[in-house]
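Here's the structure, in structure tokens; my notes come after.
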Amino acid sequence: MSIWLWIALPLLFVIGLFVSALKDSKRVEQQVMKNRDKMKLRNWDEEDARKKDDDWGVPPGSYHPDDKDSDKK
């Protein structure tokens with residue numbers, strides 16, 4: 001009898017965690033659908049295009065940290 005308790009109780013706990021996570025995800029999904037018009041949604045294609053324009057002031061291919069002693073030779 002006690003062996004079944006050692007097996008069943010942790011198993012029930014893990015199953016309970018999964019069930020509560022599913023319920024929470026469904027609740028969040030319903031809230032998102034309800035409040036979608038209030039959200040500021042981004043166009044990710046435009047965001048990616050902006051990120052490609054950022055070069056952080058370093059021209060591509062001009063900085064090589066491994067070759068820092070090549071000027072001294």
Side-chain angles (χ1 to χ4, degrees):
M1 177 77 178
S2 81
I3 293 174
W4 288 107
L5 286 176
W6 283 102
I7 295 171
L9 289 179
L11 188 62
L12 285 174
F13 178 73
V14 170
I15 291 172
L17 286 177
F18 280 116
V19 169
S20 67
L22 284 174
K23 286 182 180 179
D24 287 343
S25 66
K26 295 220 181 236
R27 183 182 51 83
V28 168
E29 195 174 301
Q30 288 173 353
Q31 286 181 351
V32 166
M33 289 300 195
K34 187 171 81 174
N35 298 324
R36 190 171 179 88
D37 57 339
K38 298 176 186 174
M39 294 181 197
K40 296 179 182 177
L41 300 176
R42 295 182 180 175
N43 187 352
W44 291 107
D45 294 332
E46 291 176 6
E47 288 288 325
D48 290 339
R50 282 189 209 145
K51 287 181 184 177
K52 289 179 184 175
D53 293 340
D54 292 339
D55 58 28
W56 294 81
V58 178
S62 66
Y63 176 68
H64 301 287
D66 296 335
D67 299 335
K68 61 185 172 185
D69 294 331
S70 65
D71 295 335
K72 295 178 183 177
K73 291 181 181 178

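Separating the CZ atom in Arg36 from the CE atom in Met33 is a distance of 6.5 Å, to the nearest 0.5 Å. Between atom CG of residue Leu17 and atom CG of residue Leu12 there is a gap of 11.0 Å, rounded to the nearest 0.5 Å.
For Val32, the side-chain contact (heavy atoms from CB on, under 4.5 Å) criterion is met by Val28, Met39, not counting sequence neighbours. Under the rule for a side-chain contact (heavy atoms from CB on, under 4.5 Å), the partners of Leu11 that lie at least two apart in sequence or sit in another chain are Ile15.
Residue-environment remark: CD (Glu29) stays at or below the threshold of 12 foreign heavy atoms within 6.0 Å. No more than 12 heavy atoms of other residues, nucleotides or ligands sit less than 6.0 Å from atom CD1 of Ile3.
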